[in-house]
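A quick write-up on the structure given underneath.
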Amino acid sequence: MGPHGGHGVAAGGATATGGMGLWWLAVGLLLLVVLAGVGLAYVSRARAGSTETNPPKKADSAMQDLRTQYARGEIDDEEFTNRAATLNLEWG
């Protein structure tokens with residue numbers, strides 16, 4: 001028998017100073033790290049897919065406003081070209 005009346009590690013039991021408690025903690029932490037990695041990969045992939053396939057509505061609205069100004073004669077060819085290039089650079 002051990003010093004506290006139990007059988008201790010020699011008889012196959014876990015002790016209060018470690019034993020299986022630390023093993024389960026390590027497995028739990030590893031599981032959390034794996035789940036966090038999977039979650040980050042999913043979010044990253046979802047963001048990449050949404051920006052490539054759907055242009056922002058803000059860019060469409062800004063370009064439409066620019067076309068309207070050009071059609072009304074409020075801006076000339078050079079100004080229209082410069083602003084359109086800027087919009088394409090900002091929103092892809």
Side-chain angles (χ1 to χ4, degrees):
M1 289 207 335
H4 302 291
H7 293 289
V9 178
T15 64
T17 59
M20 293 301 286
L22 291 178
W23 172 253
W24 290 112
L25 178 64
V27 169
L29 288 175
L30 180 64
L31 181 62
L32 285 176
V33 168
V34 169
L35 288 175
V38 169
L40 286 174
Y42 176 77
V43 169
S44 175
R45 188 173 201 142
R47 284 184 180 176
S50 68
T51 57
E52 291 175 6
T53 57
N54 299 324
K57 292 186 186 271
K58 199 175 205 182
D60 292 340
S61 175
M63 188 59 86
Q64 186 59 40
D65 291 344
L66 183 62
R67 288 182 181 128
T68 302
Q69 288 178 345
Y70 181 72
R72 289 182 186 157
E74 296 173 5
I75 57 175
D76 61 4
D77 292 341
E78 184 179 351
E79 184 70 19
F80 176 81
T81 303
N82 289 339
R83 289 185 184 186
T86 301
L87 287 174
N88 286 333
L89 289 175
E90 288 179 4
W91 287 300

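Here the structure is a predicted model, which is why all the values come from computation and not from measurement.
Under the side chain to side chain contact (heavy atoms under 4.5 Å, CB included) criterion, Gln69 pairs with Leu66, Glu74, Ile75, Arg83, not counting sequence neighbours. Applying the side-chain hydrogen bond (donor to acceptor under 3.5 Å, both in side chains) criterion to Asp76, with sequence neighbours excluded, gives no partner residue.
One N or O on the side chain of Thr81 and one on the backbone of Asp77 form a donor-acceptor pair closer than 3.5 Å.
Residue pairs meeting the ring pair (Phe, Tyr, Trp, His ring centres under 6.0 Å) criterion with at least one partner in residues 64-83, sequence neighbours excluded, are Tyr70-Phe80.
Taking Ile, Leu, Val, Met, Phe, Trp and Tyr as members and joining any whose side-chain heavy atoms lie under 4.5 Å apart, directly or through other members, the hydrophobic cluster of Leu31 also contains Leu35.
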